[in-house]
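See below for the structure under consideration.
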Protein chains: 2
Amino acid sequence: MDLQEAETGERRPETLGEEVFGRILELIYSTELAPGMVVNESVLATRFGVSRGPVREAIRRLQGIQLVSREPFLRARVVSLSAQAILELFQMREALEGYACRLAAQRMSEAEIDALIADLEAAHSGQPPPEAARFDFHERVVRASGNNRIIDSLCGDLYHLLRIYRRISGAVPERKELAFTEHWQILRAIKMRDGALAESLMRSHVERAGRHVLAQVPETPSPAATDAEKRAS
Amino acid sequence: MDLQEAETGERRPETLGEEVFGRILELIYSTELAPGMVVNESVLATRFGVSRGPVREAIRRLQGIQLVSREPFLRARVVSLSAQAILELFQMREALEGYACRLAAQRMSEAEIDALIADLEAAHSGQPPPEAARFDFHERVVRASGNNRIIDSLCGDLYHLLRIYRRISGAVPERKELAFTEHWQILRAIKMRDGALAESLMRSHVERAGRHVLAQVPETPSPAATDAEKRAS
DNA sequence: TCCTTCAAAACTGTTGACACATTTTCAACC
DNA sequence: GGTTGAAAATGTGTCAACAGTTTTGAAGGA
């Protein structure tokens, strides 16, 4: 289980801090570290076979992207988003993805647009892709905006938070069909170079998605906070 | 110069990491650590009379909010924004502050709006306030949006970056007059509860401010990068 | 003179130990 | 039986030393 030995293939020297960061992220995604649970430095350090330094660094980085909350001498915990916080998260997505969509309508080349349309339809009609190269419409549009700051914010920090709560709303067939239609309309607006329309459509789409997630998570202020203590020991 | 001794007044236990973070921030604001200059862990540690641990933590936090750039084993440097990066920064502000403005138009009470109008006019007609309680129109509007995630992003991370480059465009009388007019128009739209108009006006206003900053910083890919080495030694 | 090579210097990454704060335990006391 | 308060236990904050990597700069060759 040692980290050093796991690094067999030669690649450019990655620090332990980076590695541990990714490992903890996986623990959070897999709900082994569920929202509300405590993130213990020593426990993780011994588990990964490293000292507390790199673990501490990784946790601080997770704090930076708001995945764990913490105050000076208190224990760190995986964030447990309230309904209010989820609403705010999707509002921020509305603002940023809407604007990114407007930029994309201005900057994408005809070829890029056509390629994106083709990929969208292929992903919809074809069988589910091999997960490795999954088609992510939102990420594609955001990256097409060309604004690296917005790209980093949406595909970095916010994406991690969304991913925790995406599992909830995933795999609902009817929603999937509706999403395809909305995605297709957005691309149509981009192809027409109507930035304002594209932005408006994207906002509506994100807002709808947000409402859907909120409906699935009606009232769970800190679901795993209590029994988390048990499992941590 | 020791940090422990400087902390004479009793307050709740703040960690050295927090303290050092603030100190380095001040060094960056005062241009003692100018864009492009190296941020050396050991040097700062001895300067502040602490070990490298807290300094390292503070630097990592500065990396998190994108004020210093760094790769694994390379030296950390204060970011030196390119024209492209400044453009992207203001675009993100457009998206976020515009949306915040729309939210503010929906959520502010009549009393809050009137108070904000009064403060705006007082700050404009009256003599420059005592700096401590400076009137910041943008921050007031953003906080009025009620979206904590957007508030943290704009008043936290982005604000630090803007502040470094705000010095450049500050104290230009004609710009100041124009800004007041634009601020006043935005508030008028908010009072009319016209969120779409308020958002549109705020976007134009931010974009104009961005162009103004860009005009002052035409071509300086890394101005202090070269002579920074000298001063660092 | 310029480029290459290679060792010393400087710096960052990592570690284990120690100091301090918080939480929990548990016994004395109302 | 419930409450209070001190001490143990747990966990975070800080430090100094060591290890690995990058940079520096001087010697050697074309």
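Convention: sequence-line order gives letters A, B, ...; per-chain numbering from 1. Just the heavy atoms: all of them, side chains too, but no hydrogens, waters or symmetry mates, feed the values below.
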Side chain to side chain contact (heavy atoms under 4.5 Å, CB included) involving R140(B) - partner list, sequence neighbours excluded: L116(B), D119(B), F135(B)
V50(A) side chain, from C-beta outward: closest of dT14(D), dT12(C), dT15(C): dT15(C)
Partners passing side chain to side chain donor-acceptor pair (under 3.5 Å) against R143(B) (at least two apart in sequence or in another chain): E139(B)
Integer-rounded Å distance: dA9(D) C1' and R75(A) CZ: 11 Å
Sugar-phosphate only, base, or nothing, as touched by V39(A) at under 4.0 Å among non-hydrogen atoms: sugar-phosphate
Sequence-distant partners of F137(A), ring pair (Phe, Tyr, Trp, His ring centres under 6.0 Å), two or more places apart: H183(A)
Residues forming a side chain to side chain contact (heavy atoms under 4.5 Å, CB included) with S109(B), sequence neighbours excluded: A111(B), E112(B)
Side-chain ion pair, R23(A) and E14(A), N-O less than 4.0 Å: no
Proximity to DNA chain C (any heavy atom under 4.0 Å), residues of residues 58-70 of chain A only: none
Sugar-phosphate, base or nothing in reach of G53(B), heavy atoms under 4.0 Å: nothing
Degree of bending in the helix from dT1(C)-dA30(D) to dC30(C)-dG1(D) once both end axes are built from five pairs, to 10°: 10°
Whole-Å gap separating C1' (dT14(C)) and CD (E57(B)): 15 Å
Side chain to side chain donor-acceptor pair (under 3.5 Å) involving E41(A) - partner list, sequence neighbours excluded: R52(A), R56(A)
dG11(D) base / R52(A) side chain donor-acceptor hit below 3.5 Å: no
R56(B) side-chain N/O to dG13(C) phosphate OP1/OP2 under 4.0 Å: yes
Set of residues satisfying side chain to side chain donor-acceptor pair (under 3.5 Å) with respect to R163(B), sequence neighbours excluded: none
Selection residues 83-101 of chain A - residue pairs positive for side-chain hydrogen bond (donor to acceptor under 3.5 Å, both in side chains), sequence neighbours left out: Q84(A)-E88(A), Q91(A)-N147(B), R93(A)-E97(A), R93(A)-H138(A), E94(A)-Y99(B), E97(A)-H138(A), Y99(A)-E94(B)
Residue P54(B), side-chain heavy atoms: nucleotide from dC15(D), dG16(C), dT21(D) that is nearest: dC15(D)
